[in-house]
Amino acid sequence: MRIGHQSAKGVEYIHEIPSFGLGVFLMSEEGECKSACLSALEAGYTHIDTARAYSNEHEVGEALKESGVDREEVFITTKLRRMHAIGFDEVIEHCQKSLELLDTEYIDLYLVHAPPEEIEHRAPVWKGMEHCLEQGWVKAIGVSNYGAHHLDAMQEYATYLPSVNQIEINPWLQRPELRAATEAIGAKVMAYSPLARGHKLKEPELIDVASRLGCTPAQVAIKFCHDIGCITIPKSSRSDRITENLASLEIDISSEMAAIMGMECGYISGWDPTSEP
Ligand SMILES: NC(=O)c1ccc[n+]([C@@H]2O[C@H](COP(=O)([O-])OP(=O)(O)OC[C@H]3O[C@@H](n4cnc5c(N)ncnc54)[C@H](OP(=O)(O)O)[C@@H]3O)[C@@H](O)[C@H]2O)c1
């Protein structure tokens, strides 16, 4: 999939993004993230989604080096921590720190993890993100947990609109309006928590769909996010599930799409800054 940034000159800084990746949130034991990344790279994953807040960027970098896979073959997404999203200089400082922790020359996609809490910090933070893009430290910039009104406000201060909005999406939280608002500014939707953090995998409706399709419940949820056009980044620390999750891309769920769409219930599995002012 292609991402780019809408600007007064058209679409700029176009970059290719794999539409599927490994999320590495809540891998807190030492070595857990590195080992999951190594399993994923071995299984054929080409995209890893980390964040400063996850305290494991260094393990992503170590796995990349140890795997022997070329840097250009892997897409690394990381995020500016919310507590660091307070001004232009802080963005520069923390982007440099992430580059150091990841031990890489560039980050493929750098996201503002959530709308900065102070509204007046949002413009200078985005200017800092744009500076990182112009300097080539990052190949693409985007946001995460931005609601339609946050995206709208960016039109006032952004030279380059975000290439991605990473938000929670899964069969139980489908967000058609927010997906449309994201696409309207030329950004792609990245679906986080596609399994609703595992909270809903035992729901009878999902189990029925999975058994009719001959796959696992997790595979149904992942493929749903993928098929509605989202870049999808399920997390697992287990190598068997890492392989299972990737294999979901091969499953045809079209016959069950209506049943999956019917699972919508507005369920938020973690946090929801999209509804903040
Ligand atoms: N931008 C944000 O604010 C934000 C917020 C949340 C997440 N994210 C990103 O999105 C990624 C994914 O979201 P998430 O980690 O919240 O949750 P998720 O991917 O929806 O679910 C992960 C949970 O599901 C389990 N699981 C994974 N594969 C499974 C399978 N095949 N069968 C059964 N259970 C399975 C995992 O356990 P095991 O590990 O034991 O397999 C884990 O408990 C994160 O890792 C992070 O990169 C971003």
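Note: hydrogens, waters and symmetry copies are ignored here, and every other heavy atom, side chains too, is used. This is a predicted model, so every value here is computed, not measured. Atoms within each ligand, like the ligands themselves, are counted from 1 in listed order.
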By side chain to side chain donor-acceptor pair (under 3.5 Å), K34 pairs with (sequence neighbours left out) E66
What part of S269, side chain from CB on, backbone N/CA/C/O, both or neither, has a heavy atom under 4.0 Å from ligand 1?
neither
For atom 26 (N) of ligand 1, what is the closest protein heavy atom, and at what distance to 0.1 Å?
L195 CD1, 3.7 Å
Any side-chain donor paired with an acceptor under 3.5 Å for D49 and Q166?
yes
Closest candidate by heavy atom, reference atom 43 (O) of ligand 1, pool M27, H113, R197
R197
With a 4.5 Å limit on heavy-atom distance, are the side chains of V112 and Y146 in contact?
yes
Within 45 degrees of the axis of the six-membered ring of Y13 and under 6.0 Å from its centre: does K139 put its NZ or CZ there?
no
L26 near ligand 1, heavy-atom distance under 4.0 Å?
no
Are any of the N/O atoms on V24, whether in the backbone or the side chain, positioned under 3.5 angstrom from an N/O atom of ligand 1?
yes
Is a donor from one side chain sitting under 3.5 angstrom from an acceptor on the other, for S67 and E42?
no
Please report whether ligand 1 has a polar contact with S144, defined as an N or O pair separated by less than 3.5 Å (distance criterion only).
yes
Per-atom filter on ligand 1: closer than 4.0 angstrom to a heavy atom of P194 are 19 (O), 20 (O)
Taking only non-hydrogen atoms of G23 and a 4.0 Å limit, the atoms of ligand 1 in range are 11 (C), 44 (C), 45 (O), 47 (O)
Among all protein heavy atoms, pick the one closest to atom 7 (C) of ligand 1 and tell me residue, atom and distance.
Y192 CD1, 3.6 Å
When rounded to the nearest 0.5 angstrom, what distance separates CG in N56 from CD in E62?
10.5 Å
Based purely on interatomic distance, does S236 place a nitrogen or oxygen under 3.5 Å from a nitrogen or oxygen of ligand 1?
yes
Heavy-atom pairs closer than 4.0 Å: do any link ligand 1 to the side chain of T216, the backbone, both, or neither?
neither
When you measure from atom 47 (O) of ligand 1 to every protein heavy atom, which one gives the shortest distance, and what is it?
D49 OD2, 2.6 Å
Do the side chain of S163 and the main chain of G4 share a donor and acceptor less than 3.5 angstrom apart?
no
If we ignore angles and hydrogens, is there a donor and acceptor under 3.5 Å between the side chains of S193 and E168?
no
the protein heavy atom lying closest to atom 28 (N) of ligand 1 turns out to be N245 ND2, 3.0 Å
Check: of I169, D240, I233, L111, min heavy-atom distance to atom 12 (C) of ligand 1 comes from I233
Examine R71 relative to Y106 and say whether NZ or CZ is less than 6.0 Å from the centre of the six-membered ring and inside a 45° cone about the ring axis.
yes
Tell me: protein heavy atom nearest atom 14 (P) of ligand 1, and distance?
S193 OG, 3.7 Å
Taking heavy atoms and a distance under 4.0 Å, where does Q166 meet ligand 1: side chain, backbone, both or neither?
side chain
Would you say G270 contacts ligand 1, with heavy atoms under 4.0 Å as the rule?
no
Close N or O approach (L201, ligand 1; < 3.5 Å)
no
Any N or O of P234 that comes nearer than 3.5 Å to an N or O of ligand 1?
no
Which option out of Y54, W271, F25 puts a heavy atom nearest to atom 8 (N) of ligand 1?
Y54
A side-chain contact here means heavy atoms from C-beta on lying under 4.5 Å apart; do V60 and C33 qualify?
yes
The one among E168, K235, R241, E32 that brings a heavy atom closest to atom 27 (C) of ligand 1:
K235
Measure up the W137 and H131 rings against each other and bin them: parallel (under 30°), tilted (30 to 60°), perpendicular (over 60°).
perpendicular
With under 30° as parallel and over 60° as perpendicular, where do the rings of H84 and H94 fit, or are they tilted in between?
parallel
If the condition is side chain to side chain donor-acceptor pair (under 3.5 Å), which residues does Y54 pass it with, not counting sequence neighbours?
K79
Residue-level breakdown please: for A218 versus ligand 1, do any non-hydrogen atoms fall below 4.0 Å on the side chain, on the backbone, on both, or on neither?
side chain
